[in-house]
Amino acid sequence: MLDALSIVLFRPKYSENVGAAARACANMGVSRLILVDPPAFAIDRARPMATSKGGLLLDALEIVPTLSEAVAGAEVVYGTTARLGGWRTGVITPEQAAPEACRTLAGGGKVAVVFGPEDAGLSNRETQLCSRLVNIPTAGEATSLNLAQAVLLLCYEIFKAAHATGDADGRVAGPTPSRAATHAEREALFAALRRTLLDIDFIKPDNPDYWMLPVRRFIERVGLKRQEFNLLMGVCRQIDWAVSRGGRKDGPR
């Protein structure tokens with residue numbers, strides 16, 4: 001089941017941290033590691049930190065240019081964050097995220113967990129691509145974790161949840177849920193909603209991406225299914241048709 005779980009490292013700065021993250025993945029039975037636009041990755045510096053099992057992940061790791069590409073096939077995308085407040089609401093802990101992730105994996109869906117650069121973490125722009133945000137609670141003001149430590153904690157919670165509620169192979173018991181909408185499908189829906197909500201003057205053209213954030217958070221929180229995706233896309237098309245007959249508002253789309 002954990003074969004469908006991807007650990008995504010967005011622009012990691014230090015190759016040694018990538019190696020240590022690969023070791024953490026191997027420890028927890030996670031076999032897919034993706035790097036997004038690493039600025040200076042050198043596998044020879046990463047390999048000593050990975051050990052032999054983690055080295056297998058380094059040999060098979062994927063390097064892609066954009067975060068959108070890294071998570072396109074995932075039904076649920078968890079973004080990690082140390083910062084809270086603002087639009088970073090509804091943040092959950094790894095312990096809360098793990099059962100959700102396992103339900104998706106058990107249904108045959110794919111899950112991605114995204115970690116930001118060591119010095120800055122994920123920006124607001126990158127968190128917009130995430131279904132849920134996960135924060136690892138820490139003591140006092142010491143909120144910064146080493147990248148590999150954070151990877152290990154998330155992988156451990158998912159590993160633990162898979163085995164606690166499933167069989168020895170980590171398969172979660174229970175009926176198979178209907179397929180969730182993928183990240184790429186949800187992004188297509190957000191684009192359609194953005195256009196439609198601008199057309200009916202529900203959101204303002206001065207900063208539409210900002211006004212779309214609550215809409216994004218709501219849809220990601222409900223766990224959109226493919227059938228519901230089709231329904232909402234149909235609603236957008238019908239509204240667009242009605243607006244085109246009555247006159248369309250001008251503005252950026």
Subject >> Any Leu198 side-chain heavy atom under 4.5 Å of Arg195 side chain >> reply: no

Original post:
Are any side-chain N or O atoms of Arg186 and backbone N or O atoms of Glu75, one a donor and one an acceptor, separated by less than 3.5 Å?
Top reply: yes

Original post:
Between Arg194 and Asp209, is there a side-chain N and carboxylate O pair less than 4.0 Å apart?
Top reply: yes

Subject >> Side-chain heavy-atom pair Leu129, His183 within 4.5 angstrom cut-off >> reply: yes

Original post:
Is the shortest side-chain N to carboxylate O distance from Arg245 to Asp240 below 4.0 Å?
Top reply: no

**OP:** Could you tell me whether Glu118 and Lys13 have a side-chain N and a carboxylate O separated by less than 4.0 Å?
**Re:** no

**OP:** With sequence neighbours excluded, give me every ring pair (Phe, Tyr, Trp, His ring centres under 6.0 Å) pair touching residues 129-159.
**Re:** Phe159-His163

Original post:
With a 4.5 Å limit on heavy-atom distance, are the side chains of Ile239 and Ile200 in contact?
Top reply: yes

Subject >> Pairwise distance CD1(Ile7) to OG(Ser31) - rounded to 0.5 angstrom >> reply: 10.5 Å

Original post:
Taking it one step at a time, do Ile92 and Tyr78 satisfy side-chain contact (heavy atoms from CB on, under 4.5 Å)?
Top reply: CA-CA 10 Å; Ile92 57 178; Tyr78 293 94; 4.2 Å; yes

Original post:
Could you go step by step and tell me if Ile219 and Leu189 meet the side-chain contact (heavy atoms from CB on, under 4.5 Å) rule?
Top reply: CA-CA 10 Å; Ile219 290 176; Leu189 175 61; 4.2 Å; yes

Subject >> Atom pair OG1/CG of Thr93 and Asn135 - distance to nearest 0.5 Å >> reply: 8.5 Å

Original post:
Should the pair Glu100-Arg132 be classified as a salt bridge under the 4.0 Å nitrogen-to-oxygen rule?
Top reply: yes

Original post:
Hey, does Gln128 have a side-chain heavy atom less than 4.5 Å from the side chain of Arg216?
Top reply: yes

Subject >> Qualifying residues under salt bridge (charged side-chain N to carboxylate O under 4.0 Å, His left out), relative to Lys204, sequence neighbours excluded >> reply: Asp201

**OP:** Before giving the answer on side-chain contact (heavy atoms from CB on, under 4.5 Å), spell out for Cys102 and Ile158 the whole-Å C-alpha distance, their side-chain angles and the decisive distance to 0.1 Å.
**Re:** CA-CA 7 Å; Cys102 286; Ile158 295 173; 4.1 Å; yes

Subject >> Salt bridge present between Lys160 and Glu157 (N-O < 4.0 angstrom) >> reply: yes

Subject >> Ser15 side chain to Ala42 backbone, donor-acceptor under 3.5 Å >> reply: yes

**OP:** Give a yes or no on whether a salt bridge exists between Asp3 and Arg32, defined as a side-chain N under 4.0 angstrom from a carboxylate O.
**Re:** no

**OP:** Determine, step by step, whether Leu153 and Met28 satisfy the side-chain contact (heavy atoms from CB on, under 4.5 Å) criterion, reporting the C-alpha distance in whole Å, the side-chain angles of both residues, the deciding distance to 0.1 Å, and the verdict.
**Re:** CA-CA 10 Å; Leu153 283 167; Met28 297 299 133; over 6 Å; no

